[in-house]
Participant: 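Please see the structure below; I have some questions.
Counting starts at 1 for both ligands and their atoms, following the listed order.
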Amino acid sequence: MRKKIVAGNWKMNTTPAEGLELVKNVMAQSAEVCECVNFIVCPPFTHLSQVAEAAKGSRVAVGAQNCAAEAKGAYTGEVSAAMIASLGVEYVILGHSERREYYGETSETLNKKMAQAYANGLKPIYCVGERLEEREAERHFEVVKAQIEEDVFNLTEEQFADLVIAYEPVWAIGTGKTATAEQAEEIHAYIRTVLAEKFGEAAASTPILYGGSCKPSNAQEIFAKENVDGGLIGGAALKAEDFVAIGKGF
Ligand code: PGA
């Protein structure tokens, strides 16, 4: 049985007070959702500590949205994996398309970030996904395969066991345009095949989340697919009711 995960990527939203209120509401309302669903919230760095503290001992786990590629030192503005882990945070989103696109994250940088995450006991939620023009040129399989080969194939078996993958087609992020359940299943199944080429049977246990305009009204149909193990939620994670309702989609 694979872990079922509903992860909220708050991006650059919420003040500390708003974030604290949001996580408290998620914690309270998640009581209505099957215990089999793992909720994760990923707030901005400014209130990661407070949110982690508030969620301690609850069923809601906490993740960061990024970590530095280096361990420590003269890297103004960066936040290390060790700093994040010291807060009791369990996960870190890496390779989100917004980071690849706006902050020039390459597979080389991501290799270093993955290494930092694992060295400090953080579990990466590694994002892959094609752009619109790549989908239109039917290059989506190739693009996603390369993203996996570049940053996942070098993991040890032990590291791989802690990995979560998020498939997020760039054309579906924040656009209101969702991949169909069939499109999601097709590429999730493909991702699992790619992972199995390298890691064999262990790939059957890797949670693969769908991301991109996932909301309460479409979660159920998408999560019903065999190789979709949950979602990485942006916009709809900012309202506790919607975020929790997505968890009822399993
Ligand atoms: P969205 O974002 O749900 O707002 O489309 C998803 C993501 O970028 O993780």
Participant: Set out, in order, the CA-CA distance, both residues' side-chain angles and the distance that settles side chain to side chain donor-acceptor pair (under 3.5 Å) for His96 and Glu168, then state yes or no.
Facilitator: CA-CA 8 Å; His96 191 281; Glu168 303 200 301; 3.2 Å; yes

Participant: Distance only, no hydrogens: is a donor on one side chain within 3.5 Å (strictly under) of an acceptor on the other, for Asn66 and Lys113?
Facilitator: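 The criterion, which ignores hydrogens and geometry beyond distance, is satisfied for Lys113 and Asn66.
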
Participant: Find out whether Leu238 and Thr14 are in side-chain contact, i.e. whether some heavy atom of one side chain is under 4.5 Å from a heavy atom of the other.
Facilitator: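 A side-chain contact under 4.5 Å exists here.
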
Participant: Considering non-hydrogen atoms of the protein only, which is the closest contact for atom 9 (O) of ligand 1, and what is the distance?
Facilitator: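 Looking only at protein heavy atoms, the one closest to atom 9 (O) of ligand 1 is Glu168 OE2, 2.6 Å.
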
Participant: Determine whether Glu32 and Lys248 satisfy the following criterion, salt bridge (charged side-chain N to carboxylate O under 4.0 Å, His left out), listing intermediate values before the conclusion.
Facilitator: CA-CA 8 Å; Glu32 302 159 20; Lys248 294 178 187 162; 2.9 Å; yes

Participant: Give yes or no for whether the N/O distance cutoff of 3.5 Å, strictly under, is met between Ile233 and ligand 1.
Facilitator: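 Min N/O separation from ligand 1 is not below 3.5 Å for Ile233.
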
Participant: Is the shortest N/O to N/O distance between Gly212 and ligand 1 below 3.5 Å?
Facilitator: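 No, no N or O pair falls under 3.5 Å.
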
Participant: Taking 4.0 angstrom as the limit, do Lys56 and Glu53 come out as a salt bridge?
Facilitator: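 Yes, charged N to carboxylate O under 4.0 Å.
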
Participant: In this structure, does ligand 1 have an atom that sits under 4.0 Å from one of the heavy atoms of Ala236?
Facilitator: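 Outside the 4.0 Å threshold, so no.
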
Participant: What's the shortest heavy-atom distance between Val89 and Gly63, and which atoms?
Facilitator: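 Where Val89 meets Gly63 most closely, the heavy atoms are CG1-CA, 3.7 Å.
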
Participant: Short list, please: which atoms of ligand 1 are under 4.0 Å from a heavy atom of Gly174?
Facilitator: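 By the 4.0 Å cutoff, the relevant atoms are 1 (P), 4 (O), 5 (O).
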
Participant: Decide whether the shortest distance between a heavy atom of Gly211 and an atom of ligand 1 is less than 4.0 Å.
Facilitator: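 Under 4.0 Å: no for Gly211.
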
Participant: Search all heavy atoms of Gly247 against all heavy atoms of Val33 and return the closest pair with its distance.
Facilitator: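 What the structure gives for the nearest pair is O-CG1, 3.4 Å.
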
Participant: Record the part of Ile173 in heavy-atom contact with ligand 1 below 4.0 Å; permitted values are side chain, backbone, both and neither.
Facilitator: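 Looking at Ile173 and ligand 1, atoms from backbone and side chain both fall under 4.0 Å.
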
Participant: From atom 4 (O) of ligand 1, work out which of Gly231, Gly235, Cys127 has a heavy atom at the shortest distance.
Facilitator: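 The option holding the nearest heavy atom is Gly235.
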
Participant: Apply side chain to side chain donor-acceptor pair (under 3.5 Å) to the pair Trp171 and Glu133, showing each step before the final yes or no.
Facilitator: CA-CA 9 Å; Trp171 46 271; Glu133 62 271 25; over 6 Å; no

Participant: Please report which non-hydrogen protein atom sits nearest to atom 3 (O) of ligand 1, along with the residue it belongs to and the distance in Å to one decimal place.
Facilitator: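 Nearest protein contact, heavy atoms only, for atom 3 (O) of ligand 1 is Gly234 N, 2.9 Å.
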
Participant: Should you measure from each heavy atom of Asn9, which atoms of ligand 1 turn up under 4.0 Å away?
Facilitator: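 Selected atoms, number and element: 9 (O).
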
Participant: Looking only at heavy atoms of Ala172, does any of them come nearer than 4.0 Å to an atom of ligand 1?
Facilitator: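 It does; at least one heavy atom falls under 4.0 Å.
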
Participant: Kindly identify the option in His96, Lys215, Gln65, Glu98 whose heavy atom sits closest to atom 8 (O) of ligand 1.
Facilitator: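 Of the listed residues, His96 has the closest heavy atom.
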
